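Encoded as structure tokens, the structure appears first; notes follow it.
No experiment lies behind these values; they were computed from the predicted model shown.
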Amino acid sequence: AGILIGDRITALDGQAMADAAALRLAVANLEPKAEAALTVVRGTETLALKVKPGKLPTEIPGELTTAIAEPPPPPAEAPTTGLLEIKLPEETSTSVAYVPTNYHPAIPHGLLVIVPQPGVLDRAAFEARWKPVCEQFGLIALAPISAKPDKWEPTEAAFIRKSLDSVSEQFTIDPTRIATYGYQSGGGMAWLVGLSNLDRVRAICPIDALPPARTAAPQNDPVNRLAVFWGVAEKSPSAAATKALIDRLNGAQIPVTQLPLGEQPRDLSSAEILELGRWLDALDRI
């Protein structure tokens, strides 16, 4: 359409847009392939541009420009950052969160719920693995800990939702960048938490993991939309079922970004986690 970095979109079809959230809602309500008019301010110029809504892209984006033009002044009270225990009074299970040291309450952060393998969480390893992507892309990482050492119970999805809500109350969270993540059994739980909380979760990131049996693929909602970032191994026992489900999700208008893992199943490398960070950073695109 001719939009450039630095342009300011002020109206859609003549209706003033107060902020990005208003524009996102207006675009979501457009008819597919229907042409719309954008009013764009570029320096001292006001331009009228024609656009047509299309499908969300599925490629992992390259380097992104910063969304913060001017850093806000330091907060009146220094926020608590680093590795934190998240304890809910009514729950016996706990969660661990990593809040980046550069967190500022005036800047909305993404929230990545990382469902680990069942059992004891190595807190030092968790912090070392997720700190770089949290610091670079404005994310808070939340790791719930299973009640049993050998498995996740489906009923624990409610506990994970409460932990998500608790972090959202304590920190400034961007509602367009809330995602679940997990590898193998943790990925199955990430599917369950994501699909049962579509009012809050905007993305599911399974790594060599399928959703629980008989899980229906939801029809995507253009306002509360869902995207999937899927790590796929060629010789995984679930490879055939994964391909079939990706086809179903595409049919439901849910964009699926596939990250090839090679032949054998494995979790993401440090470099791939940064690719995931760029993908999560673009979930708020319009």
CA sep, side-chain torsions, deciding dist, call: Cys205, Leu276, side chain to side chain contact (heavy atoms under 4.5 Å, CB included): CA-CA 9 Å; Cys205 310; Leu276 171 65; 3.8 Å; yes
Is there a salt bridge (charged side-chain N to carboxylate O under 4.0 Å, His left out) between Lys33 and Glu31 once you walk through the steps? CA-CA 6 Å; Lys33 300 182 181 179; Glu31 291 296 323; over 6 Å; no
Intermediate values then yes/no, side chain to side chain contact (heavy atoms under 4.5 Å, CB included), Lys162 and Glu91: CA-CA 9 Å; Lys162 289 179 183 178; Glu91 297 285 346; 3.1 Å; yes
I would like to know whether Leu142 and Ser163 meet side chain to side chain contact (heavy atoms under 4.5 Å, CB included); could you show each step before the answer? CA-CA 8 Å; Leu142 172 66; Ser163 299; 4.0 Å; yes
Test Arg161 against Asp199 for salt bridge (charged side-chain N to carboxylate O under 4.0 Å, His left out), laying out the working first. CA-CA 11 Å; Arg161 168 61 189 255; Asp199 61 319; 3.1 Å; yes
Hey, mind stepping through Lys235 and Glu263 against salt bridge (charged side-chain N to carboxylate O under 4.0 Å, His left out) and telling me if it holds? CA-CA 5 Å; Lys235 294 186 177 180; Glu263 290 190 351; 3.5 Å; yes
Yes or no on side chain to side chain contact (heavy atoms under 4.5 Å, CB included) for Glu85 and Arg123, after CA distance, side-chain angles and deciding distance? CA-CA 10 Å; Glu85 294 282 336; Arg123 285 162 168 75; 2.8 Å; yes
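No more than 12 heavy atoms of other residues, nucleotides or ligands lie within 6.0 Å of CD in Gln15, so this atom counts as exposed by the packing criterion. Other residues, nucleotides and ligands contribute at most 12 non-hydrogen atoms within 6.0 Å of the CD atom of Glu70. Atom NZ of Lys87 is surrounded by more than 12 heavy atoms from other residues, nucleotides or ligands within 6.0 Å. The 12-atom threshold is exceeded at CD of Glu59, counting heavy atoms of other residues, nucleotides or ligands nearer than 6.0 Å. Shown here is Arg8, whose CZ atom has no more than 12 heavy atoms of other residues, nucleotides or ligands within 6.0 Å.
Between Asn220 and Arg225, the side chains place no donor N or O within less than 3.5 Å of an acceptor N or O (distance only, hydrogens not considered). The closest side-chain donor-acceptor pair between Ser185 and Gln117 falls under 3.5 angstrom. Counting only N and O atoms by type, the side chains of Glu135 and Tyr103 include no donor and acceptor under 3.5 Å apart. Judged by distance alone, the side chains of Trp230 and Thr257 never bring a donor and an acceptor atom under 3.5 Å apart.
Contact of the Ile60 side chain with the Phe229 side chain is registered, since non-hydrogen atoms from C-beta on lie closer than 4.5 Å. By the 4.5 Å heavy-atom criterion applied to side chains, Ile3 and Leu49 are counted as neighbours. Using a 4.5 Å heavy-atom cutoff, the side chains of Val232 and Leu261 are not in contact. Using a 4.5 Å heavy-atom cutoff, the side chains of Ile160 and Thr180 are not in contact. Between Arg129 and Asp267 the shortest side-chain heavy-atom distance falls below 4.5 Å. Using a 4.5 Å heavy-atom cutoff, the side chains of Leu274 and Gln136 are in contact. The side-chain heavy atoms of His104 and Pro75, taken from C-beta on, include a pair separated by under 4.5 Å. Contact check for Val201 versus Val113: no side-chain heavy atoms found under the 4.5 Å cut-off.
Note on Ile204 and Leu259: separate hydrophobic clusters, where clusters join Ile, Leu, Val, Met, Phe, Trp and Tyr whose side-chain heavy atoms are under 4.5 Å apart, directly or indirectly. Cluster annotation: Val256 is connected to Leu245 through the hydrophobic network of ILVMFWY side chains, with a link wherever side-chain heavy atoms come within less than 4.5 Å. Ile286 and Ile254 fall into different hydrophobic clusters, defined by Ile, Leu, Val, Met, Phe, Trp and Tyr side-chain heavy atoms under 4.5 Å apart, directly or through other members. Put simply, Val115 and Val167 are part of the same group of oily side chains (I, L, V, M, F, W, Y) that touch within less than 4.5 Å, one to the next. Under the 4.5 Å side-chain contact rule for hydrophobic residues, Trp279 and Ile114 share a cluster.
Contact detail for Thr176 and Asp284: the closest heavy-atom pair is OG1-CB, 3.0 Å. The heavy-atom pair separating Asp150 from Pro118 by the smallest distance is C-CB, 3.7 Å. The nearest pair of heavy atoms linking Ile173 to Ser168 is CG1-CA, 3.7 Å. Listed here is the closest heavy atom pair of Ile145 and Glu156: O-OE2, 4.4 Å. Here the shortest heavy-atom pairing between Pro260 and Arg266 reads O-NH2, 4.3 Å. Residues Trp152 and Ser146 come closest through the heavy atom pair CH2-N, 3.4 Å.
Counting only distance, with no hydrogens or angles, the side chain of Arg278 and the backbone of Pro61 share a donor-acceptor pair below 3.5 Å. For the pair Asn224 (side chain) and Asp221 (backbone), a donor-acceptor distance under 3.5 Å is absent. No donor-acceptor pair under 3.5 Å is formed between the side chain of Asp281 and the backbone N or O of Gly277. Side-chain N or O atoms of Glu272 include one that pairs as donor or acceptor with a backbone N or O of Ser269 at under 3.5 Å. Remark: the backbone N or O of Ala36 is not paired with any side-chain donor or acceptor of Asp13 at under 3.5 angstrom. Distance alone, capped at 3.5 Å, places no donor-acceptor pair between the Arg200 side chain and the Ile178 backbone.
Atom-to-atom distance recorded for Phe159:CZ and Thr92:OG1 is 8.0 Å, nearest 0.5 angstrom. We find the CG-CZ distance between Leu139 and Arg177 to be 6.0 Å, quoted to the nearest 0.5 Å. Distance CD1/Ile140 to OG1/Thr81: 10.0 Å, rounded to 0.5 Å. Atom CE of Met17 is separated from atom CG of Leu25 by 8.5 Å, given to the nearest 0.5 angstrom. The distance from the CG atom of Asp7 to the CG atom of Leu47 is 7.0 Å, given to the nearest 0.5 Å. From His109, atom NE2 reaches atom OG1 of Thr172 across 8.5 Å, with rounding to the nearest 0.5 Å.
Trp130 and Tyr181 have their aromatic ring centers within a separation under 6.0 angstrom.
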